[in-house]
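Worksheet: the structure to be examined is printed underneath.
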Amino acid sequence: RFVSQEIRRIMDKKSVSEIKTKCFNRQNCRIDRMRACYVNEEKEKRSTFHDMFLQLADEEQTKYCEIFKRSMSGKFGRNLYNVEFPYAEEVEGGHQAFLYQLQQSELRDDTLVEQFFDRVIGSYTFPGKYLILLSHGVYDIPMKMKDGAELDSEYVYSFILCSICPVELLHDGLCYDKAEQTFRNRTDDWGVKNPETAFLFPAYNFRNTDIHSALYFTRHPEERHEEIAVDVLGTELSRTEKDQQNVFREIIETTLSGDCTFETIRNINEDLKEMIEENKKDKETDDQVALDKNEMKKLLARNGANDEQLHQFERIYDEAVGDDTTPLLAENVQSQKNLVVKSLTMKLDVKSENAGLVETRVIDGREYLLIPIADDIEVNGIKIRQNLQPESVVENTEA
């Protein structure tokens with residue numbers, strides 16, 4: 001059973017959690033075959049190996065399961081990205097068509113595996129040694145009942161997971177040799193680190209196989225190794241979390257223009273927070289709150305945008321979003337913990353629940369941010385006292 005392109009949805013946190021829990025659990029891991037290629041700094045294959053996962057020692061299985069889980073960890077828009085294949089990549093000779101052939105072979109075809117390794121090595125930009133770990137697994141998808149019970153199902157999810165892991169020197173210097181009971185110089189112990197980049201194909205959507213999509217992982221948001229997405233998957237990643245924040249900021253600032261006040265932004269922040277909290281209460285879904293054009297327009301309308309500004313919004317949104325029509329995510333464009341007020345000379349972090357304490361006021365023709373001084377306020381770690389003025393002086397100042 002495949003998910004059609006017309007009704008396809010993206011992998012969400014619940015889908016990722018199910019795969020990590022049910023497929024990479026050490027006690028019942030669904031990985032059956034692994035192929036690996038060790039590459040040096042000169043992009044040369046130093047060695048390749050082929051293992052039946054269940055024949056490995058318990059300690060080795062545990063280590064590999066940790067790598068598999070790490071390959072699907074993090075936050076959408078920061079570490080995880082849903083990837084959709086262009087139609088041109090799904091025909092013979094396309095990147096998706098090659099991956100599908102590789103997945104269908106269950107990694108038994110040596111020629112296909114070597115071609116895959118060559119593609120990764122030819123594309124991947126990394127200064128040191130690394131291990132390409134290619135795994136195949138099969139998950140018998142249970143049917144979930146409304147009461148939470150799970151029943152056997154005829155549907156099976158067959159997948160490949162590629163994890164690219166740095167190989168680094170673990171011990172350099174004097175290390176204790178337990179057998180000899182002395183310290184010796186060690187410079188040859190190399191270990192496999194957590195993956196820098198990974199992808200899961202096919203995607204797991206609607207709790208089933210979606211051959212039109214994949215899930216992409218990057219450990220470092222600032223270095224996503226997009227060459228793997230382009231050269232191995234044949235597609236591009238959606239915008240980063242930081243890029244989403246920049247687009248969101250541009251839409252808000254340009255649409256509201258002169259009406260972009262402190263109170264307006266604080267209210268928008270609170271509105272987004274409420275949307276996220278309401279979404280978390282929905283037990284039927286674990287999707288993130290998507291801010292497409294329609295939702296963005298509603299957000300602005302609820303927070304003071306007038307008819308003229310909303311009319312200009314359509315053009316502003318299209319220009320800011322550009323060709324990447326992937327919706328912004330509410331969790332990525334605003335902080336649920338702090339309201340950050342910043343200028344060239346100061347930065348103020350206010351906990352979201354206390355944002356209402358901050359207000360603006362015009363004094364002697366100049367606008368100020370006012371923050372009540374509490375008993376526990378400190379400057380450079382030193383508690384200060386409140387400098388209370390007579391009430392009459394405060395009234396004259398406000399006047």
Can you list the residues that meet the ring-ring contact (aromatic ring centres under 6.0 Å, His included) rule with Phe248, with sequence neighbours excluded?
-> none

Sequence neighbours excluded, which residues qualify as side-chain hydrogen bond (donor to acceptor under 3.5 Å, both in side chains) partners of Tyr81?
-> Arg224

Flag the pair Thr209 / Pro202 as yes when at least one side-chain heavy-atom distance between them is below 4.5 Å, and no otherwise.
-> yes

Minimal non-hydrogen separation, Gln96 against Glu90, with atom names = OE1-CA, 3.3 Å

What residues, two or more places apart in sequence or in another chain, satisfy salt bridge (Lys or Arg N to Asp or Glu O under 4.0 Å) together with Glu66?
-> Arg70

For Thr261, what residues pass the side-chain hydrogen bond (donor to acceptor under 3.5 Å, both in side chains) criterion, not counting sequence neighbours?
-> Thr264

Atom CZ of Arg26: over 12 foreign heavy atoms under 6.0 Å = yes

Heavy-atom side-chain proximity of Cys165 to Lys193 below 4.5 angstrom | no

Linking I/L/V/M/F/W/Y whenever their side-chain heavy atoms sit closer than 4.5 Å, directly or via other members, would Leu310 and Ile252 fall into one cluster?
-> yes

Partners passing side-chain contact (heavy atoms from CB on, under 4.5 Å) against Asn267 (at least two apart in sequence or in another chain) = Asn303

Pair Leu215-Tyr204, side chain to side chain contact (heavy atoms under 4.5 Å, CB included): steps then yes or no = CA-CA 8 Å; Leu215 181 71; Tyr204 183 69; over 6 Å; no

What are the two closest non-hydrogen atoms of Glu106 and Arg33, and how far apart are they?
-> O-NH1, 3.2 Å

Should the pair Phe313 and Tyr317 be assigned to parallel (<30°), tilted (30 to 60°) or perpendicular (>60°) ring geometry?
-> tilted

Thr125 backbone acceptor or donor facing Glu227 side chain under 3.5 Å = yes

Verdict with supporting geometry, Val39 and Val120, side chain to side chain contact (heavy atoms under 4.5 Å, CB included) | CA-CA 10 Å; Val39 184; Val120 173; over 6 Å; no

Taken in chain and number order and not counting sequence neighbours, the residues that satisfy side-chain contact (heavy atoms from CB on, under 4.5 Å) with Phe262 are Arg266, Leu339, Val341, Val358, Thr360, Leu369

Quick one: closest heavy-atom pair of Gln245 and Val333, and the distance?
-> CG-CA, 3.9 Å

Side chains of Phe49 and Tyr38: does their closest heavy-atom pair fall under 4.5 Å?
-> no

Student check: side-chain heavy atoms of Ile121 and Ile132 closer than 4.5 Å = yes

What residues form a ring-ring contact (aromatic ring centres under 6.0 Å, His included) with Phe117, not counting sequence neighbours?
-> none

Heavy-atom closest pair (Thr326 atom, Ser238 atom, distance to 0.1 Å) is OG1-CB, 3.8 Å

Do Leu134 and Leu112 sit in the same hydrophobic cluster, where Ile, Leu, Val, Met, Phe, Trp and Tyr count as joined when their side-chain heavy atoms come under 4.5 Å apart?
-> yes

Phe159: what forms a ring-ring contact (aromatic ring centres under 6.0 Å, His included) with it, not counting sequence neighbours?
-> Tyr157

Would you indicate whether the side-chain heavy atoms of Ser158 and Gln103 approach each other to under 4.5 Å?
-> yes

Does the side chain of Ser71 come under 3.5 Å of the side chain of Ser163 through a donor N or O and an acceptor N or O?
-> yes

Parallel, tilted or perpendicular: ring planes of His225 versus Tyr124, cut at 30 and 60 degrees | tilted

Applying side-chain contact (heavy atoms from CB on, under 4.5 Å), name anything that partners Asp259, two or more places apart in sequence or on another chain.
-> Asn306, Gln309

List for me each residue that meets side-chain hydrogen bond (donor to acceptor under 3.5 Å, both in side chains) alongside His95, sequence neighbours excluded, and say none if there are none.
-> Glu89

same_hphob_cluster(Ile316, Leu299) at 4.5 Å side-chain heavy-atom cutoff = no

d(Ile265 CD1, Asp271 CG) to nearest 0.5 Å is 12.0 Å

With Asp110 via side-chain contact (heavy atoms from CB on, under 4.5 Å) - residues at least two apart = Arg35

Kindly indicate, with the supporting measurements, whether the criterion side chain to side chain contact (heavy atoms under 4.5 Å, CB included) is fulfilled by Leu161 and Phe68.
-> CA-CA 8 Å; Leu161 176 68; Phe68 300 150; 3.9 Å; yes

Check whether any side-chain heavy atom of Met34 lies under 4.5 Å from a side-chain heavy atom of Leu56, and answer yes or no.
-> yes

Salt bridge present between Lys129 and Glu41 (N-O < 4.0 angstrom) = yes

Candidate pair Glu196 and Tyr130, rule side chain to side chain contact (heavy atoms under 4.5 Å, CB included), full reasoning = CA-CA 10 Å; Glu196 290 281 315; Tyr130 59 91; over 6 Å; no

Identify the two heavy atoms, one from Ile164 and one from Pro166, that lie closest to each other, and give their separation to 0.1 Å.
-> O-CD, 4.1 Å

Would you check if Asp231 and Arg119 make a side-chain contact, meaning some heavy-atom pair closer than 4.5 Å?
-> no

Locate the shortest heavy-atom distance separating Ser73 from Lys20; write the atom from each residue and the value.
-> OG-NZ, 3.3 Å

Using atom types as modelled and distance alone, determine if a side-chain donor or acceptor of Asp324 lies under 3.5 Å from a backbone N or O of Arg239.
-> yes

Does any N or O in the side chain of Asn332 come within less than 3.5 Å of the main-chain N or O of Phe76, such that one atom is a donor and the other an acceptor?
-> yes

Are side-chain heavy atoms of Pro195 and Ile67 found at a separation under 4.5 Å?
-> yes

Asp118: what forms a side-chain hydrogen bond (donor to acceptor under 3.5 Å, both in side chains) with it, not counting sequence neighbours?
-> Lys45

